[in-house]
Each structure stands twice: as C-alpha cells, then as structure tokens.
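Report on the following structure.
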Amino acid sequence: MFNALVVEKDDDGKTSASVQQIGLDRLPEGDVTVAIEYSTVNYKDGLCVGPGGGLVRNYPHVPGIDFAGTVEASDDPRYKAGDKVVLTGWRVGEAYWGGYSQKARVKADWLVPLPDGLDTRQAMAVGTAGFTAMLAVMALEDHGIKDGPVLVTGAAGGVGSVATAILANLGHDVAGVTGRPETADYLKSLGATQIVAREDLNETVKRPLEAEMWGGCVDAVGGEMLARLLGQIKYGGSVAAVGLAGGAGLPATVIPFLLRGVNLLGIDSVMQPYDNRVRAWARIAKDLPMDKLEAMVQPAVLSDLPQLGRDILKGQVKGRVVVDVNA
Ligand code: NDP
C-alpha cells in the first residue's frame, strides 16, 4: 500500500481531494512503475485539485502533472530498476494518474532519464514550469534575441522565476513584470535588473506600436498584457507565449507583426518529442544556477495540496513548490 492524493467526484458532481492509502493494483496500465520522490504544484494542478476538477478527464483521479523518482519495475528495455527519471506532460495528472502519489505507472515514452547534474528534488524544483521556461528561452534563441532587456511577465510565478534565472545567467538584462512589488528583492536575487509594475503593462492596448523597448519576452500572462507588450518589442524580436494567467483573450492588432516583424512563438510543453525533452533538460542542468533554483523553492507535503492549488490559481504562489510525497 502507498499514499496518494485522490480526487473523487460525488453524484452531485462535487469533487473532493484527500490523501488515501491505495494498492499497486489500482495503478493504471503502463510499462514502467516509478517510486516517486517529488512532484510540484503548477497552475494546471491548481485546476485539477480544486472544485470542479478543471482538466481532470476521469474519476477517481490522482493529479500531479510532473514527478521525479526511481524506476521500480520496467517492461521496457530503455529503463531498469534503479534508474532516476523525470516526467512532464503527456496529460499525466489530467487524463492519466500523476505525481501526487508515492507510486506511478506510466508509458516509457513519457519519461526522460534524469540528466547529469540534477537530483530528483532539483528536477522537481524546476518541474513543468521550469521546463517550459527553458523551452521558451530556447525558442527565443532560435529566432534571435535582440539587444536590450528581455521582458518576463508573471515574473514571481513558477515559469517567470525560472525564466528570469536562466536568462540572467545567460547574460541577458531581465525586466521582470510583477503585480507583487514585495517580490522585487526576490526577483533581483534571481538576476532581474529591472522590475516593471504589472499595472504599467495591464492596460488595454491603445496604440498598436509604442517605443521599442524589449529584446524579447517570455510571457506567462497572456491577455491584455500580451497585447500591450507586442507593441513594445524591438524590430524582429520575439515573444514566447507560455501561459494565460491573466486571460485567454488577445485584444491585439496585427500591426506589430506587419510593421515590426515581431514573432509570436507558442510554447507547448505537453507533447514535446523525446529528443527535445532531453535537450531542454540538459540545458537546464547547464544553464540554471542551482543556488538560484534553491531560492525559489517552497517545500510541501501531499496534505498541503488542496490549499496550494487554491493559492496558485489566485497568483499567490512565489517561485516553485516542491512536494515531498514521502514526507
Ligand atoms: P504561477 O501561478 O506560478 O505564475 C503565474 C504568475 O502570473 C503569477 O505568479 C503572477 O505573477 C502572474 N499573474 C497571475 N494572475 C495574473 C493576472 N490576472 N494578471 C497579470 N498577471 C497575473 O503559474 P506558472 O508560472 O506555473 O504558470 C504560468 C502560466 O503558464 C499558466 O497559465 C500555466 O497554465 C501556463 N503554463 C503553460 C505551459 C505550457 O506548456 N505552455 C506549461 C506550464 C505552465 P506576479 O505576481 O509576479 O505578477
């Protein structure tokens, strides 16, 4: 028997989450059984743990869109007992049972061997949010980062914190946009050289083009903020659009694309092919300073998750929450 956070739905459609003891026979089919060590709290987890079940496809459900741990048993030749692995994406924690558990059984294709230089806790301090931040930085690099500060929106959140630390470590000036002025010192400790107040960017776009200010952008917020910042990107620069914490609408015009050659790059971490995942994890191990990663971490245990799910949906989580599923 092992512990897992199980979300159930009653006959009235009401969902509830509780830590339960379950047996290995309850795990779904898969090639690899993993003894999970750590998972994390991402925005999607907030939706899945909270009332209504968000993105959950079937009940009962074990949420947790990412995990890191040790292979316990494997029917796939690529993995053997004792291997350290990390998983992000592939709708694990939404359509398939996920990381809020001491055990998981998954398809071998969804796993990545832990890269040299990262342990399982560090891998989950990065987690889906940090993995996505790395994908965003790589997409900006592929299209060329222009001179000038790189803007990071939702900077004090998970994606924003990791993107800030990586970009600063790569030598870029980073301007962090935050709605929480009290996080300014934290963002500077990650390497941000400029703090931009959320309200300065959160107005409905009035002029489609403004002064060219930013050499690129990692945007975790979307909505009106994305619409506004598109008109401030330098000629030929790019925005890696990662999230929608501020809304799914995009009240923008085509003018920044037509007159400034701005690129809007969509980032999806869920269906990344194996080679890309390996490449991104290797870059994380190389380009993300571990002392800065540690400064982002807030520890948690399984029973904390319902409250943390509510907090992340309200934009109140700072940095990354690492869940020790065995504590
Ligand atoms: P967090 O909640 O940790 O961070 C989001 C941050 O956005 C908050 O901390 C806050 O930052 C800011 N924010 C929140 N609400 C608003 C608002 N109404 N207006 C403006 N800013 C706001 O979430 P994550 O970093 O984990 O995820 C960010 C987004 O990225 C989510 O939408 C998530 O679903 C998405 N995502 C997408 C992935 C992909 O594959 N494309 C993978 C992972 C995440 P501050 O306080 O500094 O202003």
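Whatever order the structure lists them in is the order used to number ligands and atoms, beginning at 1.
Under 4.0 Å from ligand 1, the heavy atoms of T132 that appear belong solely to its side chain. Here A155 has backbone heavy atoms under 4.0 Å from ligand 1, and that is the only part of it that gets that close. Within the 4.0 Å heavy-atom criterion, the part of I267 lying near ligand 1 is the backbone and not the side chain.
Considering backbone and side-chain N/O of V270, none are found under 3.5 Å from N/O of ligand 1. Checking only distances, G158 does come within under 3.5 Å of ligand 1, N or O to N or O. Residue G160 has no nitrogen or oxygen atom sitting less than 3.5 Å from a nitrogen or oxygen atom of ligand 1, judged on distance alone. Note: no N/O pair closer than 3.5 Å links N42 and ligand 1 by distance alone. No N or O atom of G246 sits closer than 3.5 Å to an N or O atom of ligand 1. For ligand 1, the polar-atom distance check finds no N/O of V221 at less than 3.5 Å from any of the ligand's N/O atoms. Any N or O atom pair closer than 3.5 Å counts here, and V242 shares at least one such pair with ligand 1. At least one N/O-N/O distance between L244 and ligand 1 falls below 3.5 Å. Checking only distances, S269 does come within under 3.5 Å of ligand 1, N or O to N or O.
Using bins of under 30°, 30° to 60° and over 60° for the plane-to-plane angle, the ring pair W110/Y96 lands in the tilted bin.
Nearest to atom 29 (C) of ligand 1 among the protein's heavy atoms is A220 O, 3.4 Å.
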Please assess D109 against K107 for the test salt bridge (charged side-chain N to carboxylate O under 4.0 Å, His left out), listing each intermediate value before the final yes or no.
CA-CA 5 Å; D109 288 343; K107 290 189 180 164; over 6 Å; no
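Across R198, M271, K44, heavy-atom proximity to atom 19 (N) of ligand 1 is greatest for R198.
The backbone N or O of G127 sits nowhere less than 3.5 Å from a side-chain atom of D66 that would complete a donor-acceptor pair.
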